[in-house]
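Written below as structure tokens is the structure these notes are about.
Computed from a prediction, not measured in an experiment: that's the story for all the values here. Chain letters run A, B, ... following the sequence lines, proteins first, then strands; residues in each count from 1.
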Amino acid sequence: MFRMIEADELDKLATGAWILGTGGGGSPYLAYLNLRKLYAEGARVSLMDPLALGDDDLVAVVSNMGAPLVGQERLADPDLAARPVRMMEEYLGRRFRAVMSIEIGGGNAFQPLMVAAKTGLPVVDADAMGRAFPEAQMTSFAIADLKPYPLTLADVRENEVIVARAASWKWMERLSRKACVEVGSIAATCKAPRTGAEVKRHAILHTTTQAMALGRAVHDARARHDDPVAATLEAARGKLVFRGKIADVERRTTEGFLRGSARILGLDADKGARFEVAFQNEFVVAWRDGKVFVTSPDLICLLDSVSGEAIGTESLRYGQRVSVVALPAPKILRTPKGLAHVGPRAFGYDLDYASVFEGEMA
Amino acid sequence: MKRIGIDVGGTNTDAVLIDGTEVRHWVKTATTEDVLGGIKSALGQLVRETGPRMAGGLDAVVIGTTHFTNAVVERRGLERIGALRIGLPASASLPPFVEWPQDLAALVQGVTVMVAGGHEYDGRPLVPLDRPAIRDAAKRMADAGLTSIGITSIFSPLTAECEEEAARIVQEENPGAGITLSHHLGRIGLLERENVTLLNAALQGLARRTTSAFTEALRQSGLDAPLYLSQNDGTIMRAEVAGRFPVYSFASGPTNSMRGAAHLSGLANGVVVDVGGTTTDVGYLKDGYPREANAAVTIGGVRTLFRMPDLLSIGLGGGSEIAGDGSRIGPKSVGFRLTTKSIAFGGDTLTATDIAVAAGRTSLGRPQYLAHLDRDFVSGLMVRMAGMIAEAVDRMKTEAGEVKLLAVGGGSFLIPDQLEGCSEIIRVPHYPVANAVGAAIAQASGEVDQIYSGVAHEAAIEQAEQEAERRALEAGATRTSLRLAELEDIPLSYLPGNARRVRARVIGDIGAD
């Protein structure tokens, strides 16, 4: 039920988490560097099966909140990551049993590992998205109507914020986002704590292990000079939906989010076809020859066709050769209630959920 | 406009004289251990063969060299430095040199200090700048005898205040020390910008010695012309600027070769196919410059912010070995042993060059040695090799439709006169020295990559353009020839105030207005 995460699993987690980021979530590179350094100094992190949690155990749900670009100057820091967790323990007057990530996609996959290395808590093998999403209400916990508060937030100076209550998940997103912007658009947070029972029932389970397996498949394929894109498809039960070259990228920011789209012209089997993928930080909707093809919550990932490396929405460039891969979304996100939170309408598209996995999943 | 371009490669030092757009003469000599000898003998030969009139009215000499890259890769000629990072309490867990290869860090790391200061993305101070701590660090660096200091502050590409203030303090405590400030070198991305700053600091002594040796080589050859070095983006900088910023010359080789192909063909857009002995490199020219790759470039194991041309390499070249039954082409190659190993030269290994000789595509070697080959076998292999090239060209294409293909490299006879997806095959003259030609024709540039927030969209772009122009002028461009070569405007997520990242690049001809 517990096992030590090995040093050589960290880069696999980084690769896998970046793919599951579906273009957003921020690159895990700097957080990964921190972990590698902590491991070199002797720290070890233990991974806990969520099923080993007692129903009344208290679990810290952590994330690094803010703009990925600010994170390239104000770098991920394990001591900072641990502070809101200690604040929350103090505020509640209770100790945590373990720590977990709010989102496995992108840099936040490493946030609980940094906390764990500093506090000795085990990391729960689970998250609340199974991927990356831009907002706090886009989680399995919000879909399940769990309590959205309290939240603790700390910045690198002596600033600490507690959001004691919020009327809804959306309100919690608004209040905490305001505080985050004020401290420079980067902050460490500890979201509303969850009980062991809530995690077992409502979290998306075993996603840390899945991300590592995905990363390992890509690394192994590269080492064997096999196709890393094919390895991704196999490891994550995904489908290759398009292969081509980026012909055009258009971006704009509205309400603090990076929105835009990329047009892709087909190569190989897709020669002559056109593809378009729209994003709001993460990839949200994709069209093939003008017809809706895949939508959120299915994971739409753009991978470098040669290296298999995931490409973020901020670094899309004209001329890149990409493979568009769809990975199945966790079941909870595909329920009618889930789709209300994370389906295409939640991102402002008047479209029904479209999947390339229709009828294939229970 | 008369110029000499020099390419100092691992094997050869090439020099080419161009007059206007014409290549007047070129020479190839062996590269020497000290680099300088090779340059002197190349220049000497060029002057001898073109006559003394050449030296008069020369506008510029441009050197493309891998000298500084090699110094980092081979860990030689580097000096121990002081590293100052401003930005505590942020980013403390990942200090300077954090992911450097140990042997390189051990060679370069002198005194490393982190102090409080730096800025937010919107220009607010992160915390007050800790001047006493900077003074203390500067003293320790001076006491340790360090004469080259690299200074990096959080968000300095946005606000350089902290770095400039720190430089003043360091100068007071350590007069005469060379100082590299990160905002002169780079973009957003603290670790990568800092890495480049530290490498630049470690190369200060070597850069000064090398550029003055280059200048001396010119003088001894009787040439009185300003000296420039080529940079990784296909443009050049004055030798004295290169002496201060040697890192800018990193990775300039492939760029020069593609730029040379553009010049020799007179085309600004198209696909350059460089067929060497072992591989074929395919890259795209856009408005006379190579399309850049996306990935960060690692130099000697250190992550940097530099960009390289976007190249696709396939294992096909003049020396590619071919299975006796024709079932396999490459990727193994006889390489530089082509003239002893391949059948056309009396050897015993069937190579791509042999097939081209048998097909009558090149006058190399002796066709009679290949008389035994079946005609269909030969033409079948030529078609397959052409297919490999066509596929690589197609993979690199970003738009449907046909492109012009510029053929360069010693093995370019493998490219047929017609190729699927290409409107025209242009065989570039003087192809063996495309690299030196690329150096000779380079222009000067200035680049800005900065975040703007709370500023109107148009104002942000205008400010970026103006700063890029200023930098281009500093690099040696004439005011009248300035033009905006690139403008990238990316809105940023999760940031208020219409924050955007604007990257502008201005280029212009070198010379005096």
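Within 6.0 Å of CD on A/Glu41 lie more than 12 heavy atoms contributed by other residues, nucleotides or ligands. Applying the 6.0 Å contact sphere to CZ of A/Arg222 captures more than 12 heavy atoms from other residues, nucleotides or ligands. Within 6.0 Å of CD on B/Glu486 lie more than 12 heavy atoms contributed by other residues, nucleotides or ligands. Within a 6.0 Å radius of CD in B/Glu420, no more than 12 heavy atoms belonging to other residues, nucleotides or ligands are found. The number of heavy atoms from other shown groups lying within 6.0 Å of CZ (A/Arg174) does not exceed 12.
Using a 4.5 Å heavy-atom cut-off against chain B, the contacting residues of residues 22-33 of chain A are A/Tyr29, A/Leu30, A/Leu33.
Heavy-atom pairs under 4.5 Å with chain B were tallied for A/Arg36, A/Glu309, A/Lys37; the largest tally goes to A/Lys37. The choice from A/Leu80, A/Asp77, A/Leu38 that makes the most heavy-atom pairs within less than 4.5 Å of chain B is A/Asp77. With chain B as partner, the option from A/Thr313, A/Asp155, A/Asp268 having the largest number of non-hydrogen pairs under 4.5 angstrom is A/Asp268.
Taking both residues in full, the closest heavy atoms of B/Asp394 and A/Lys271 are given as OD2-NZ, 3.3 Å, listed atom of the first, atom of the second, then distance. Summarising the geometry of A/Gly184 relative to B/Arg124, their closest heavy-atom pair is N-NH2, 4.0 Å, with the distance given to 0.1 Å.
The CG atom of B/Leu191 lies 10.0 Å from the CD atom of A/Gln72; values are rounded to the nearest 0.5 Å. The distance from the OH atom of B/Tyr121 to the CZ atom of A/Arg74 is 10.0 Å, given to the nearest 0.5 Å. Taking OG of B/Ser93 as the reference point, atom NZ of A/Lys118 lies at 8.0 Å (rounded to 0.5 Å). Annotation: the span from B/Ile188 atom CD1 to A/Leu69 atom CG amounts to 6.0 Å, rounded to 0.5 Å.
Proximity to chain A is absent for every atom of B/Thr152, based on heavy atoms less than 4.5 angstrom apart. Looking at A/Glu182, both its backbone and its side chain come within 4.5 Å of chain B, counting heavy atoms on both sides. Of the atoms belonging to B/Leu88, not a single heavy atom falls under 4.5 Å from chain A.
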Practice item. Show your reasoning for whether side-chain contact (heavy atoms from CB on, under 4.5 Å) applies to B/Asp310 and A/Gln320. Key: CA-CA 9 Å; B/Asp310 189 10; A/Gln320 282 168 330; over 6 Å; no
Exercise for review: Any chance you could lay out the side-chain contact (heavy atoms from CB on, under 4.5 Å) test for A/Val183 and B/Glu120, step after step, and finish with the verdict?
Suggested key: CA-CA 9 Å; A/Val183 297; B/Glu120 305 260 29; 5.9 Å; no
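A salt bridge links A/Glu73 with B/Arg193; the closest basic N to acidic carboxylate O contact falls under 4.0 Å. Of the charged side-chain nitrogens involved, at least one lies within less than 4.0 Å of a carboxylate oxygen, so that B/Glu488 and A/Arg317 count as a salt-bridged pair.
With A/Leu75 as the fixed residue, the side chain to side chain contact (heavy atoms under 4.5 Å, CB included) test singles out one of B/Ile154, B/Leu190, B/Val98: B/Leu190.
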